[in-house]
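Following: one structure in structure tokens, then a few remarks.
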Amino acid sequence: MTAFNMIRFIERKRDCGKHTGEELHTFVDSVMRGTVPDYQISAWLMAAFLNGLDDDELMHFTKSLALSGETISYQPEDRIIDKHSTGGVGDKTTLILVPLVAACGSRISKLSGPGLGFTGGTIDKLESIPGMDMHLSDDRFREQVNTIGCAISGHSLKLAPAEGKFYKLRDVTGTVPSIPLITASIVSKKLAGGAYGYLFDVKCGSGAFMCDAVRARELAAKLTDVSKKLGKTCLSVITDMEQPLGEWVGNSAEVYEAVEVLSGRGPSDTRELCIFLAAAMLEMSGRAKSRDEGAELASKALDDGSALDKFAEMIRAQNGDASVVREPLKILPRASHTYEIRSDRDGYLSRLDALLIGEGLRALGGGRLTKEDVIDPSVAIQLPHKVSSKVAKDDVLIRIYYNSEPRFRESLAYVEKCWEVSERAGKRKLILDTVY
Ligand code: URA
């Protein structure tokens, strides 16, 4: 093989050329060995952002990122399933799905990244349970999946470390919103995590990475294509994120809502989405013969308490206070002040903007602007009505739970603009599309 020439490599992508698998592998390897300076990596990222990567390049780049560090492996016959959401406001599905799918008899492993921006992170949410260890070693993580059927943990830096390096540079070079680069980033981490099949929940709407349906569909198709090319069973579901999911937005508040849904109660949209996604995962793992059978198993596990018991088992295994499943309001931190926004007329709730609500929560201290920001798990925004609900004048549309007056005022500037009551109901679909 001729020596790797980084300048030629950048020029090829700049001029819309195609890289071989070997070149991409050498590139990632050189980045890991520290022989390529950040300015050259950044130049290539911009070229790839502008000119794209074709399916072959994407598969090789993804694989090289995945193999840049340690990997977790399971017995293939165990058909471990992993789930990934592209992130949204009030998206607590992971908290519910992981114990739910395990309670139905499939094994599920969930490695999560940190929450950044206005969408909350699963790790932050679960850390509002006292004692909860969200940073398991790879061995302990795998052991827990094998013994109790499920685990959720922060992504260890040893898995796909090159991806972390590329992501940091994308974050500061304006190259994050590229569908091939996002796909390689997501799938490489899944691949290193060792699962047999993946379910991708691609959020679409104002409170999501992908604001429009065309881009969401494109990302969903790429995630599915690349995963399949890499030998994985895979399904992408596109779901609505124009309004937040469920009734609660906030770290401890979302754990509360998860406990409600796992107890057979909770908001109908959160329950509906979790049953839909669980059914797909149960079919993928072979535990259910069809999606309908999977949905039946999942509904039963929510209603008979077995999913809630599995959640308690997972919390105990990760050193958390499992009494949160019986007395969530006693165990979870809650903010000290409340403010209510009421409807100024009779009508239908026609808009509940997820982005503004997400920004409102972040302003309260419930999300991060920088990786160093410390989260306040107790602050929350409650949304008692969903878009298209009939409301009367003076009905409470939004409750803000806060601890600091200046933060509340900053948050209110977003939240007071997030809603609209009209004469006609603006209906929204929750599950927009499925990409096989
Ligand atoms: N989430 C990821 O994991 N990677 C991206 O590039 C974007 C969102």
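This structure is a prediction, so every number in the text was calculated from the model and none was measured. Both counts, for ligands and for their atoms, begin at 1 and track the order of listing. Residues: numbered from 1 along the sequence shown.
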Run Ile148 and Met314 through side chain to side chain contact (heavy atoms under 4.5 Å, CB included) and show every step you take. CA-CA 7 Å; Ile148 71 164; Met314 185 183 81; 4.1 Å; yes
Output the set of protein residues with a heavy-atom contact under 4.0 Å to ligand 1, ordered first by chain identifier and then by residue number.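 Only Tyr167, Arg170, Ile182, Ser185, Ile186, Lys189, Phe209 have heavy atoms that fall under 4.0 Å of ligand 1, ordered by chain and number.
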Are any of the side-chain nitrogens in Lys18 or Asp56 under 4.0 Å away from the carboxylate oxygens of its partner?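 Here Lys18 pairs with Asp56 in a salt bridge, since their nearest N and O are under 4.0 Å apart.
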Under the side chain to side chain contact (heavy atoms under 4.5 Å, CB included) test, residues paired with Leu430 that sit two or more places apart: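 For Leu430, the residues satisfying side chain to side chain contact (heavy atoms under 4.5 Å, CB included) (neighbours in sequence not counted) are Leu245, Asp269, Glu272, Leu273.
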Can you pull out every ring-ring contact (aromatic ring centres under 6.0 Å, His included) where at least one residue sits in residues 180-199? Sequence neighbours excluded, please.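 Output for this query lists Tyr198-Phe200.
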So if I apply the side-chain contact (heavy atoms from CB on, under 4.5 Å) rule between Val325 and each of Ile129, Ile315, Ile331, which one comes out positive?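 Result: among Ile129, Ile315, Ile331, Ile315 is the only option passing the side-chain contact (heavy atoms from CB on, under 4.5 Å) with Val325.
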By salt bridge (Lys or Arg N to Asp or Glu O under 4.0 Å) - contacts of Arg399 (at least two apart):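 Partners of Arg399 under the salt bridge (Lys or Arg N to Asp or Glu O under 4.0 Å) test: Glu340.
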